[in-house]
Amino acid sequence: MNEPTSVPTVLTIAGSDPSGGAGIQADLKAFVTTGAYGAAVITALTAQNTIEVTGTMPVPAEFVRQQLGSVLSDIRIDVIKLGMLTSRKICEAIAPLIENHTVVCDPVMISTTGFQLIDEDTADALINAILPLADYITPNRFELEKLYGDRIDDAKHAGIELMERFPNLTGIVVKGGHVNITQSTVTDVLLYRQKGLIKEAIENRPRYDSPNTHGTGCTFASAFASYLAQKNSPKAAFKKAVDYTNHLIKISAEIRIGQGRGPLIHHKGI
Ligand code: PXL
C-alpha cells in the first residue's frame with residue numbers, strides 16, 4: 001500500500017457562537033476554506049446572535065482537558081489555535097498539553113460589541129500560564145494594551161517590548177482594524193523574530209466599510225494558523241491571512257445574515 005496522504009491539521013480551542021459568525025464555528029470555516037483539516041475543543045457555550053452576547057457558560061476545566069487529551073492522543077496536530085479561554089482553571093488545565101505544539105493565541109477578551117468575554121482573573125491566567133508557551137499572538141489594539149499592562153501610544157513599541165518579555169514568542173500580529181477608524185487605510189503589522197533579531201512586516205489595505213465584521217478576529221487568527229500549518233513562513237502566512245480576511249470582508253458586505261453586525265461568508269473565500 002502507498003503511504004497515506006497527510007493534510008495540514010489545525011485544532012482550535014475556543015468558545016461556541018451558535019449564530020455561526022465567531023468562535024469555533026468561524027475557526028472551522030476558516031480552516032477548511034484555507035486548506036487545512038479542522039478539529040475543535042470547546043471551552044464554553046455562548047448565547048449570542050449578530051446583535052448581542054447574552055451569556056456564556058464555561059465548560060468545566062477537567063472536561064476541556066479531557067476533550068484535548070482525546071484529540072491529541074489520536075490525531076497529529078500541526079498548529080493549535082487558541083480563542084476564548086473562559087477561566088483560570090481552563091488556562092491551567094490546557095497549558096501542559098499544548099506546550100510542545102506550535103500555538104497561535106488569539107487573546108480574546110472583549111467582543112466587538114463591547115461584551116467582556118473573560119474576567120480579570122482569567123486574563124491574568126492567560127498572561128501568566130498561556131502567553132509563556134505561545135508561539136504567536138494576534139491581539140487587536142485593546143488586547144495589546146491589556147497584555148502590555150499599560151496605555152500605549154505606539155503599538156510597535158509595545159509589541160517589541162512584549163516580544164522581549166516573552167522570548168518564546170516567534171511573532172505578534174497587531175491587527176489594525178480597530179485603530180484610527182477615520183483613516184482610509186488599515187495597517188496590520190507582524191513583528192517576528194529572525195536569527196535573534198525582531199523584524200517587521202507591514203500590510204496596508206484600503207479600509208472597507210462593511211457592517212458585517214462579526215468574527216473577523218477569529219477568522220484572521222484561524223487563517224494565519226492554517227497557513228502556518230501549511231508550512232508558510234510567518235511573513236507569508238501573515239500576508240495570506242490578511243488577503244483572505246480582506247477578501248471575505250469585501251464579499252460579505254452586501255450579504256444579510258441576521259439583523260445586527262453580520263458575519264463573514266467563508267464559503268466564497270477561495
Ligand atoms: O471575536 C471574539 C469571540 C471569540 N469567541 C467567541 C465569541 C467572540 C465574540 O463574540 O463569542 C465564542
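When a residue number appears, it is its place in the shown sequence, counting from 1. Just follow the structure's listing: the first ligand is 1, and inside any ligand the first atom is 1.
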Checklist line | G15: numbered ligand 1 atoms lying under 4.0 Å from its heavy atoms | finding: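 Close to G15: 12 (C).
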Note to self: Within ligand 1, which atoms have a heavy atom of G23 less than 4.0 Å away?
What the structure shows: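 Atoms satisfying the 4.0 Å criterion: 5 (N), 6 (C), 12 (C).
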Notebook entry, point to check: So among D119, D124, T122, which one has a side chain to side chain donor-acceptor pair (under 3.5 Å) with R88?
Noted result: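 Filter result, single survivor: D124.
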Next item on the list: Kindly write out the residues that satisfy salt bridge (charged side-chain N to carboxylate O under 4.0 Å, His left out) with E143, not counting sequence neighbours, or none if the list is empty.
Entry: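 With neighbours one apart ignored, the set is empty.
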Item checked: Close approach of C218 to ligand 1, heavy atoms, under 4.0 angstrom ->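 Yes, C218 has a heavy atom closer than 4.0 Å to ligand 1.
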Notebook entry, point to check: So, T33 and Y244: side-chain donor and acceptor under 3.5 Å apart, yes or no?
Noted result: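 The answer is yes; a qualifying pair exists.
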Note to self: With no hydrogens and no angle check, just 3.5 Å: does a side-chain donor-acceptor pair link Q25 and S16?
What the structure shows: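 Distance-only check passes for Q25 and S16.
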Next item on the list: Determine, considering heavy atoms only, which of T46, T213, V108 sits nearest to atom 3 (C) of ligand 1.
Entry: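 When every heavy atom of T46, T213, V108 is considered, V108 comes closest to atom 3 (C) of ligand 1.
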Check: Where's the contact between Q48 and ligand 1, heavy-atom distance under 4.0 Å: side chain, backbone, both or neither?
Finding: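 Within the 4.0 Å criterion, Q48 contacts ligand 1 through side-chain atoms alone.
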Notebook entry, point to check: If you group Ile, Leu, Val, Met, Phe, Trp and Tyr whenever their side-chain heavy atoms sit less than 4.5 Å apart, what else falls in with V7?
Noted result: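 When side chains under 4.5 Å apart are linked, the cluster holding V7 also contains Y37.
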